[in-house]
Amino acid sequence: MSKQFDVIVIGGGPGGYIAAIRAAQLGFNVACIDEWKNDKGGPAPGGTCTNVGCIPSKALLQSSEHFNHANHHFAEHGITATGVSMDVAKMLARKNTVVKQNNDGILYLFKKNKIAFFHGRGSFLKAAEGGYEIKVDGAAEETITGKQIIIATGSNARALPGTPFDEVNVLSNDGALNIGAVPKKLGLIGSGVIGLEMGSVWKRLGADVTILEGLPTFLGAVDEGVAKEAFKAFTKQGLKIELGVKVGEIKNGKKGVSVAYTNAKGEAQTLDVDKLIVSIGRVPNTIGLNPEAVGLALDERGAIVVDADCKTNLPGVWAVGDVVRGPMLAHKAEEEGVAVAERIAGQHGHVNFNTIPWVIYTSPEIAWVGRTEQQLKADGVAYKAGQFPFLANGRARALGDTTGFVKFLADAKTDEILGVHIVGPQASELISEAVVAMEFKASAEDIARICHAHPSLSEATKEAALAVDKRTLNF
Ligand code: FAD
Ligand code: NAI
């Protein structure tokens with residue numbers, strides 16, 4: 001007889017492993033299946049985020065930021081750093097160590113929570129008495145049965161039609177995190193989150209970086225004022241970003257990659273680069289899951305169809321994270337994983353899509369929560385805006401990083417915070433205060449009246465809230 005579980009989670013990324021832990025905490029007998037392999041063929045749970053996403057990209061951003069500081073910012077502090085060089089192999093090895101620490105951490109958490117971990121591919125066999133039979137293709141093949149199934153199989157990088165990733169010259173996020181030497185010329189298609197983060201890493205290390213973006217607007221989903229400020233900063237750093245291009249034929253040869261495109265004026269152009277990163281979005285992943293075996297419904301994008309509670313069309317089958325609708329973010333996947341485990345336990349798990357923060361880990365960092373000014377205008381909402389520049393913040397001056405600002409958008413009548421947008425130092429950390437405030441339906445005045453430590457970057461948040469009522473104290 002096959003092993004029986006209350007809950008089987010397919011996929012061990014942030015959506016899956018967190019769902020498994022929460023389900024185990026709630027007293028269920030839980031299995032988690034994940035197929036990711038490390039370079040030795042062993043298990044490497046954590047999914048895209050841990051292996052080729054959030055964690056390794058932030059490790060490289062940190063290393064390249066140190067290099068950039070040593071080269072360009074130490075001098076102003078009176079520090080002489082001569083002969084600064086970057087050992088790329090060592091940087092990559094450090095990144096791999098950080099990834100492994102996270103893989104091992106998750107394996108430890110599985111043990112701690114008594115979750116049965118299966119290393120291999122999970123696929124639906126059939127609906128069984130009170131649940132589903134799942135085949136695990138790992139070192140050995142076995143069948144396990146679960147009363148409830150949570151699918152968290154994530155997403156894959158989207159390739160340009162006719163230009164497959166070879167991960168040597170034409171790179172997805174995977175190859176982009178493993179370039180063995182600083183390319184002289186690096187091209188990127190798509191100036192979204194990956195394009196900007198990866199472009200920043202290799203630009204800081206000395207590559208000549210050009211990003212080709214299809215849309216005429218830079219960071220269209222970001223508040224216009226923030227996008228404008230960020231574009232200015234990136235251009236000043238030497239990132240070349242061409243908007244409104246149409247990418248044509250791509251030739252991948254021995255010497256590199258040649259990209260034919262038309263620019264915004266309709267002129268034919270060619271970009272010749274040593275490496276090309278294609279970062280044009282991601283597609284939901286159900287490869288090998290065998291959804292047909294049980295009649296699991298997918299939409300036209302290949303995403304698993306779910307309702308607001310992450311229920312699929314099949315009783316007892318749930319799906320969370322990148323494989324379903326909504327933003328492809330690790331923390332969104334985690335929140336859905338927790339909520340589903342709680343719903344299985346008969347509780348009222350909830351995910352507030354209005355307060356999911358976004359962060360782009362460039363320099364300056366970009367972070368936001370809630371609606372942008374252009375969205376409020378489009379929705380016909382009467383609002384007040386308040387903005388405070390880091391230039392007027394003492395801590396930012398001491399840090400030597402005064403780019404950007406904090407911007408509050410509040411309801412014109414009730415003063416409820418509708419959106420907070422930050423471009424500048426530590427935006428990724430500062431945004432949390434805004435998330436908490438919005439979750440508690442705070443007004444801008446609430447933040448304006450809270451004592452913030454001095455000197456701290458968070459004072460810019462308070463001042464931006466004060467700016468909504470036109471009473472900044474330091475500007
Ligand atoms: P995944 O993390 O993709 O995990 C899915 C797992 O399921 C994988 O391990 C996969 O091998 C496994 N799997 C798939 N099918 C099967 C099967 N049939 N059987 C067994 N196992 C299976 N998000 C952020 O919030 N912050 C960031 O800073 C950030 N940075 C990113 C940087 C990059 C370069 C990329 C590419 C993404 C980044 N993301 C970031 C997005 C984030 O990685 C995803 O939103 C997140 O990983 C989604 O989690 P998930 O659990 O849904 O899927
Ligand atoms: P993205 O959706 O952020 O950006 C893709 C960009 O490519 C868009 O600007 C789009 O207009 C452009 N594009 C699409 N097709 C094109 C074409 N044919 N030619 C030129 N431009 C084209 O996707 P990206 O950067 O690949 O990242 C995927 C997802 O991964 C993100 O949306 C995000 O959810 C997640 N991620 C999150 C990070 C974070 O939270 N810091 C970091 C990296 C990724």
Side-chain angles (χ1 to χ4, degrees), residues 9-19 32-37 43-58 60-61 103 106 118-124 134-138 151-158 160-161 163 172-174 176-177 188-199 211-221 242-248 259 261 277-291 319-324 326-334 336-337 356-362 365-367 428:
V9 183
I10 307 177
Y17 89 80
I18 289 291
C32 181
I33 312 167
D34 187 79
E35 64 179 342
W36 207 293
K37 289 185 179 130
T48 302
C49 178
T50 300
N51 292 294
V52 291
C54 329
I55 300 299
S57 60
K58 267 78 246 177
L60 296 190
L61 279 156
N103 296 141
I106 296 166
F118 292 84
H119 186 214
R121 172 168 287 182
S123 56
F124 281 102
I134 306 290
K135 184 171 78 165
V136 184
D137 278 318
I151 305 166
T153 47
S155 63
N156 293 314
R158 171 181 290 131
L160 277 166
T163 309
S172 69
N173 55 297
D174 194 348
L177 292 158
L188 296 102
I189 315 278
S191 68
V193 199
I194 295 180
L196 293 172
E197 290 188 357
M198 289 297 99
I211 310 182
L212 301 178
E213 166 60 45
L215 291 177
T217 325
F218 180 64
L219 288 178
E242 281 206 49
L243 301 173
V245 312
K246 196 165 174 351
V247 174
V259 183
Y261 68 99
I277 298 172
V278 177
S279 47
I280 57 168
R282 297 179 62 81
V283 285
N285 170 42
T286 54
I287 298 168
L289 184 65
N290 199 19
V320 301
D322 281 12
V323 77
V324 304
M328 288 185 168
L329 294 173
H331 41 284
K332 175 263 192 183
E334 292 181 6
E336 286 183 334
I356 293 176
W358 276 85
V359 177
I360 307 179
Y361 294 82
T362 43
E365 290 187 342
I366 300 167
S428 55

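Each ligand, and each atom within it, is numbered from 1 in the order the structure gives. Computation of the quantities below employed the complete heavy-atom set of this structure, encompassing side-chain atoms and omitting hydrogens, waters and symmetry-equivalent molecules.
With a heavy-atom cut-off of 4.0 Å, V193 touches ligand 2 through backbone and side chain alike. Heavy atoms of D34 found under 4.0 angstrom from ligand 1 belong to the backbone as well as the side chain. Contacts with ligand 2 closer than 4.0 Å are made by no heavy atom of R158, backbone or side chain. Looking at V52 against ligand 1, only its backbone comes within 4.0 Å, counting heavy atoms. When non-hydrogen atoms are compared, ligand 1 lies under 4.0 Å from neither the backbone nor the side chain of S123. If you look at V193 next to ligand 1, there are no close heavy atoms at all, none under 4.0 Å. Within the 4.0 Å heavy-atom criterion, the part of I194 lying near ligand 1 is the side chain and not the backbone. Under 4.0 angstrom from ligand 1, there are no non-hydrogen atoms of K332.
Within the structure, ligand 1 lacks M198 among the residues with a heavy atom less than 4.0 angstrom away. Ligand 1 lies out of reach of Y17, whose nearest heavy atom is not under 4.0 Å from it. Heavy atoms of G281 approach ligand 2 to within less than 4.0 angstrom. Residue E334 places no heavy atom under 4.0 Å from ligand 1. Note on ligand 1: I10 sits in its first shell, one or more heavy atoms being nearer than 4.0 Å.
A donor-acceptor pair shorter than 3.5 Å cannot be found between the side chains of N51 and D174.
Residue contacts with ligand 2: L329 is placed with no nitrogen or oxygen under 3.5 Å of a nitrogen or oxygen of the ligand (distance criterion only). Geometrically, ligand 2 and M328 share a nitrogen or oxygen pair separated by less than 3.5 Å. Ligand 2 has no N or O atom lying under 3.5 Å from any N or O atom of L160, backbone or side chain.
The nearest heavy-atom contact from the protein to atom 19 (N) of ligand 2 is I189 CG2, 3.6 Å. The protein atom (non-hydrogen) at minimum distance from atom 16 (C) of ligand 2 is I280 CG2, 3.5 Å. Remark: minimum distance from atom 5 (C) of ligand 2 to any protein heavy atom is reached at S279 O, 3.5 Å. Given atom 29 (C) of ligand 2, the protein heavy atom at minimum distance is R282 CD, 4.0 Å. Atom 10 (C) of ligand 2 has E213 OE2, 3.5 Å as its closest protein atom, hydrogens excluded (heavy atom only). In this structure, atom 1 (P) of ligand 2 lies nearest to the protein heavy atom G192 CA, 4.1 Å. Nearest non-hydrogen protein atom to atom 44 (C) of ligand 1 is D322 OD2, 3.3 Å. In terms of protein heavy-atom proximity, atom 43 (C) of ligand 2 is nearest to I194 CG1, 3.4 Å. The protein heavy atom nearest to atom 20 (C) of ligand 2 is G214 N, 3.2 Å.
Between N156 and I287, the closest side-chain pair of non-hydrogen atoms falls below 4.5 Å.
Taking every heavy atom of both residues into account, P14 and G46 meet most closely at CD-O, 3.5 Å. Closest approach of T48 to N173, counting heavy atoms only: CG2-ND2, 4.3 Å.
Proximity annotation for atom 18 (N) of ligand 1: of G122, G288, G15, G122 comes nearest, heavy atoms only. When the heavy atoms of S279, P14, G120, G321 are ranked by distance to atom 49 (O) of ligand 1, first place goes to P14.
In this structure, E334 contributes its side chain and I18 its backbone to no donor-acceptor pair below 3.5 Å.
The distance from ligand 1 to the heavy atoms of A152 drops below 4.0 Å at these ligand atoms: 5 (C), 6 (C), 7 (O).
To the nearest 0.5 angstrom, I134 atom CD1 is 9.5 Å from N290 atom CG.
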